Amino acid sequence: MAQAVGIDIGGTGIKGALVDTTKGILLSDRIKMDTPKGGEPDDIVKVVVTIIEQLKVEKTLPVGVCFPAIVIDGKTMSAANVSHKWINFEAEKFFEKALGRDIRFVNDADAAGVGEVRYGAAKDVAGLVLMTTLGTGIGSALIYDGVLVPNAELGHIEVDGKDAETRASYAAKERGRLSFRSWAKRLQRYYSALEFLLSPNLFVVGGGVSKSYEEFLPLLKLRTKIVPATLRNNAGILGAAALAVDRVDAAKIPAAKR
Ligand code: BGC
């Protein structure tokens, strides 16, 4: 059994748990704390330190942290819906220093997608799985035959002349007080565009609202199968933990064989 800690940083909450990455289950209670106002790095890292202390895990255990930004080699490159201090920020190094241990820092939707592909709604699905998370923004993960193509930012494609997430995220539904039926019309435009551009084998729809999937998924007319995420709020935690273990495993292989 492989174990790791998964931490999921979001705009409103920061969640963490100890994970069995072989089975894809939580081995501890999920600890949840509020995201500090302003969402700045210094304040967020303090919360993550507290969560890891509360989990009382060994120092050697891999830790995966996921966050709503493009993350290249541990550096955050964007900041949609979070503090601008994260742009061009060495997030992974910053967290490693504060936590006194190695970590792996990844995009939140990538982590959720890896979670769903390994343990959830897209388990054993061959070909292209396109995970989307409908929340404050729209997150996306592209996974082909189980291999993640990191940092797809498909929440920001232009649909009807607008940034897609400003029209079709769950926050957009709330802002506009849209019924599920009206929101589904926007989702239809969005998923049709993705389907045309990428011809995936499966769409997985995550984010808190996916628990109400019966209200909107049946309204969508697509040739691609579209299913709700099954790991719900734990997808990011599970995926981040799995990606942290992958990094540790990859480091064990001599460079010449990688
Ligand atoms: C960000 C993505 C993130 C998504 C979900 C988008 O606004 O650009 O990086 O994955 O929100 O949090």
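Excluded from the calculations below are hydrogen atoms, water molecules and symmetry mates; all remaining heavy atoms, backbone and side chain alike, are included. Remember, it's 1-based here, ligands and their atoms both numbered in the order they're listed. All figures in this text were calculated on a predicted structure; none of them were measured in a lab.
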Run down the list Gly137, Ala171, Gly139 and name the one with the heavy atom closest to atom 4 (C) of ligand 1.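 The residue whose heavy atom sits nearest atom 4 (C) of ligand 1 is Gly139.
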Residues Asp73, Lys93: salt bridge by 4.0 Å N-O rule =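 Here Asp73 does not pair with Lys93 in a salt bridge, since their nearest N and O are not under 4.0 Å apart.
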Enumerate the atoms of ligand 1 whose separation from the nearest heavy atom of [X] is less than 4.0 angstrom.
{"X": "Ile138", "value": "4 (C), 6 (C), 11 (O)"}
{"X": "Glu153", "value": "1 (C), 2 (C), 8 (O), 9 (O)"}
{"X": "Glu165", "value": "6 (C), 7 (O), 11 (O)"}
{"X": "His156", "value": "1 (C), 6 (C), 7 (O), 8 (O)"}
{"X": "Ala69", "value": "9 (O)"}

### Query
Which residue and non-hydrogen atom of the protein lie closest to atom 3 (C) of ligand 1, and at what distance in Å?
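Result: Asp108 OD1, 3.3 Å.
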Parallel, tilted or perpendicular for Tyr191 and Phe203, by the 30°/60° rule?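 Geometry flag for Phe203 against Tyr191: perpendicular rings.
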Is there a polar contact between ligand 1 and Ser140, counting only N or O atoms under 3.5 Å apart?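 By distance alone, the answer is no.
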Strictly distance-based, threshold 3.5 Å: is any side-chain N or O of [X] a donor or acceptor partner for the main-chain N or O of [Y]?
{"X": "Glu116", "Y": "Thr230", "result": "yes"}
{"X": "Asp20", "Y": "Leu27", "result": "no"}
{"X": "Ser192", "Y": "Gln188", "result": "yes"}

Evaluate side-chain contact (heavy atoms from CB on, under 4.5 Å) for Leu194 paired with Leu154, printing each intermediate quantity in order.
CA-CA 8 Å; Leu194 291 181; Leu154 301 171; 4.0 Å; yes
